[in-house]
Amino acid sequence: MYSTEQKLHFSTNLLEWYGRHKRDLPWRRSKNPYYIWISEVMLQQTRVDTVIPYFHRFVEQFPTVEALATAPEEQVLKAWEGLGYYSRARNLQSAVREVHERYDGIVPQTKEEVSSLKGVGPYTSGAILSIAYNKPEPAVDGNVMRVLSRYFLIEEDIMKPSTRTVMEKLARELILEGTASDFNQALMELGAMVCTPRSPHCLTCPVMAHCSGREAGMEEALPIKKKAKPPRPELRAVALIEGTGENAGKWLIRQRPQEGLLAKMWELPHVAWASDSWQSDEENQDELRSLLAEQEQIVIQPEGWFMDTEHIFSHIVWKMKVYRAKLLPASGQGPWAGANASFPTGDSWMPFHYRWVGPEDLGDYAFPNVFVRIMREWQEQGE
DNA sequence: AAACCGGGGAA
DNA sequence: TTCCCAGGTTT
């Protein structure tokens with residue numbers, strides 16, 4: 001398919017370049033498969049600069065397979081707070097528990113065993129096996145597909161699974177004997193530092209001389225990628241409910257269900273808006289009060305608009321209006337009654353688990369960033 | 001094959 | 001604004 005010379009030029013020059021230009025990243029200072037694994041999971045759909053501080057805190061808090069395997073899940077979610085894709089954290093702990101129990105704490109070394117672990121797909125298994133164990137397995141991520149599609153002028157849509165298969169076969173053929181660990185990292189490093197999505201730095205590229213994409217003047221047009229659909233908008237009204245009496249200075253928060261969007265994360269009570277537009281603040285607050293009473297048996301007295309904000313997922317965008325509110329005394333029998341007395345979770349009739357918390361308690365609960373922003377705004381206004 | 005699953009940095 | 005990032009799972 002592709003000439004041996006072109007392939008050999010690529011592998012040798014890339015390796016030589018990597019030896020001189022690789023960044024000093026925290027997870028490159030060790031070959032501990034557990035640390036490599038953590039870094040690879042964190043790096044899924046997340047930039048290096050974002051991951052670095054999380055990685056440091058995470059390995060400090062959970063330095064060994066056993067430490068993570070035996071930690072409470074809430075603590076792991078809290079350590080992941082702000083990174084997004086929280087199923088990554090829950091899957092990682094679940095998989096680490098399996099390694100702890102079934103493999104005596106040693107990350108397995110075969111493709112089949114590693115791939116069977118929760119949250120470990122083709123990319124991550126290849127990355128762990130190659131980087132930590134130097135096994136000649138491909139690790140094809142977005143960087144690698146971009147680099148290969150340009151260098152070998154591959155015009156297939158990289159969103160198609162079949163294209164990924166082609167890339168994996170090619171990437172495997174490019175690994176020279178005994179160089180898998182460095183080569184796979186070099187490939188990603190080139191994609192991150194030189195062969196960037198826009199304005200690639202071809203003049204400093206170690207493999208420019210035989211790059212088919214550049215020869216064809218196609219480097220900016222590659223890789224070919226079908227456009228994703230825009231996220232659908234959803235309006236949501238949020239209630240920032242202040243406690244009174246013994247709950248003065250606290251807010252009412254709730255934990256989301258075990259599965260689905262933001263599983264097990266904590267949040268401020270909010271309701272989906274049936275209509276696709278807002279009314280006046282007075283009408284919105286009336287509707288919010290009515291919906292909370294209906295859906296959650298929470299009866300509030302709204303006390304005015306607080307802020308507007310947005311939360312963007314890959315497939316949804318929450319357009320949120322936040323209203324301050326107090327609980328009405330008459331509503332003493334709601335789901336928050338005795339909320340701090342370890343209300344049972346997992347009841348099918350009771351999707352949310354409520355609690356009163358003050359600013360000093362926030363360290364015990366993992367929130368999606370949008371709610372962190374709202375609560376921080378609230379604290380700043382109170383000062 | 002398409003949908004679901006967060007959040008932010010860069011241009 | 002748009003893109004897309006060291007992806008995986010479910011339908």
Side-chain angles (χ1 to χ4, degrees), chain A residues 22-23 25-28 36-55 77 80-92 94-95 114-132 137-147 157-165 167-168 171 181 183-193 195-200 220 223 225-232 234 256 259-265 267 309-318 366-373:
Chain A
K22 65 179 169 189
R23 286 171 291 176
L25 301 174
W27 44 89
R28 285 185 179 159
I36 303 293
W37 183 6
I38 292 168
S39 73
E40 291 303 336
V41 174
M42 285 186 170
L43 286 161
Q44 290 169 11
Q45 301 298 295
T46 310
R47 287 182 161 72
V48 167
D49 289 342
T50 304
V51 165
I52 288 173
Y54 281 92
F55 178 81
L77 265 186
W80 210 270
E81 183 185 73
L83 261 186
Y85 284 108
Y86 300 99
S87 64
R88 290 186 295 172
R90 295 186 290 115
N91 288 340
L92 174 61
S94 163
V114 180
S115 299
S116 75
L117 296 168
K118 205 91 169 175
V120 179
Y123 167 73
T124 306
S125 62
I128 293 171
L129 290 171
S130 62
I131 296 172
E137 293 289 340
V140 175
D141 67 350
N143 280 316
V144 173
M145 291 209 278
R146 184 172 59 256
V147 170
D157 180 0
I158 62 167
M159 295 299 281
K160 290 168 58 180
S162 59
T163 306
R164 187 198 188 86
T165 305
M167 298 277 187
E168 283 174 345
S181 180
F183 177 75
N184 281 350
Q185 293 183 79
L187 207 40
M188 294 186 272
E189 190 81 348
L190 188 75
M193 306 303 292
C195 198
T196 48
R198 281 166 293 195
S199 309
E220 293 266 21
K225 187 175 184 178
K226 194 179 59 186
K227 267 191 203 153
K229 285 198 295 190
R232 66 171 183 275
E234 279 184 17
R256 297 178 62 85
E259 299 190 339
L261 185 66
L262 301 170
K264 296 185 185 176
M265 299 289 284
E267 64 181 11
T309 189
E310 251 184 21
H311 193 56
I312 303 173
F313 303 86
S314 42
H315 59 306
I316 307 172
V317 50
W318 281 353
F367 294 90
N369 257 1
V370 63
F371 298 106
V372 174
R373 287 201 307 273

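Convention: sequence-line order gives letters A, B, ...; per-chain numbering from 1.
As a whole-Å value, the separation of A:Leu83 CG from B:dC5 C1' is 14 Å. One atom, CG of A:Leu262, and another, P of B:dC4, lie 14 Å apart when rounded to the nearest Å. B:dA10 atom C1' lies 7 Å from atom CZ of A:Arg198, rounded to whole Å. In this structure, CG of A:Leu261 is placed 17 Å from P of B:dA3, rounded to the nearest angstrom. When the P atom of B:dG6 is taken as reference, atom CD of A:Glu81 falls 14 Å away, rounded to whole Å. Atom CG in A:Leu77 sits about 14 Å away from atom C1' in B:dC5, given to the nearest Å. Counting to the nearest Å, the P atom of B:dA3 and the CD1 atom of A:Ile316 are 13 Å from each other. The separation between A:Lys229 atom NZ and B:dA3 atom C1' is 8 Å, rounded to whole Å.
Of the residues near DNA chain C, A:Lys227 and A:Ser115, the one whose nearest nucleotide (by heavy atom distance) lies more toward the 5' end is A:Lys227. Taking the nucleotide of DNA chain B with the nearest heavy atom to each of A:Arg373 and A:Gly260, the more 5' of the two is matched to A:Gly260. Place A:Gln44 and A:Lys160 on DNA chain B by their nearest nucleotides, and A:Lys160 ends up nearer the 5' end. Residues A:Arg28 and A:Leu117 each lie close to DNA chain C; by heavy-atom proximity, the contact nearer the 5' end of the strand is made by A:Arg28.
Dashed line: the shortest gap from a side-chain N or O of A:His315 to OP1 or OP2 of B:dC4 is not under 4.0 Å. Phosphate proximity of B:dA2 to A:Lys226: present, with a side-chain N or O under 4.0 Å from OP1 or OP2.
As judged by a 4.0 angstrom heavy-atom cut-off over every strand, A:Arg256 is placed among residues making no nucleic acid contact. Nucleic acid contact class of A:Ser199 (heavy atoms, under 4.0 Å, all strands): none. Residue A:Trp318 is classed as having no contact, given no heavy-atom separation below 4.0 Å to the nucleic acid. Across all strands shown, A:Arg90 has no heavy atoms under 4.0 Å from either base or sugar-phosphate atoms. Nucleic acid contact class of A:Leu25 (heavy atoms, under 4.0 Å, all strands): base. Note on A:Gly191: nothing from the nucleic acid sits closer than 4.0 angstrom, heavy atoms only.
Taking atom C1' in both C:dA6 and B:dA3, one finds a spacing of 23 Å when rounded to whole Å. Here the separation of B:dG6 from C:dC3, taken at their P atoms, is 22 Å to the nearest Å.
Taking CG from A:Leu43 and CD1 from A:Ile38, the interatomic distance works out to 11.5 Å, rounded to the nearest 0.5 Å. Atom CG of A:Leu261 and atom CZ of A:Phe313 lie 4.5 Å apart (nearest 0.5 Å).
Formation of a donor-acceptor pair under 3.5 Å by the A:Thr165 side chain with backbone atoms of A:Pro161 is found in this model.
Judged as a side-chain hydrogen bond (donor to acceptor under 3.5 Å, both in side chains), and not counting sequence neighbours, A:Lys118 has no contacts. Applying the salt bridge (Lys or Arg N to Asp or Glu O under 4.0 Å) test to A:Glu259 and every residue at least two apart in sequence or in another chain returns nothing. Residues passing the side-chain contact (heavy atoms from CB on, under 4.5 Å) test with A:Pro122, sequence neighbours excluded: A:Arg164, A:Glu168. Residues passing the side-chain hydrogen bond (donor to acceptor under 3.5 Å, both in side chains) test with A:Ser130 are A:Asn184, sequence neighbours excluded. Applying the salt bridge (Lys or Arg N to Asp or Glu O under 4.0 Å) rule to A:Glu81 yields the partners A:Lys78; only residues at least two apart in sequence or on another chain are considered. For A:Glu220, the salt bridge (Lys or Arg N to Asp or Glu O under 4.0 Å) criterion is met by no residue, not counting sequence neighbours. For A:Tyr86, the side-chain hydrogen bond (donor to acceptor under 3.5 Å, both in side chains) test picks out no residue, with sequence neighbours left out.
Contact footprint of chain A on DNA chain C: nucleotides with an atom under 4.0 Å from a non-hydrogen protein atom, first to last in 5' to 3' order, C:dC3 to C:dT9.
Using a 4.0 Å cutoff on non-hydrogen atoms, the parts of residues 46-53 of chain A near DNA chain C are A:Arg47, A:Val48, ordered by number.
When the nucleotides B:dA11, B:dG6, B:dC4 are ranked by their closest atom to the side chain of A:Arg232, B:dC4 comes out on top.
Side chains of A:Glu137 and A:Ser125: a donor-acceptor N/O pair is absent below 3.5 angstrom, by distance only.
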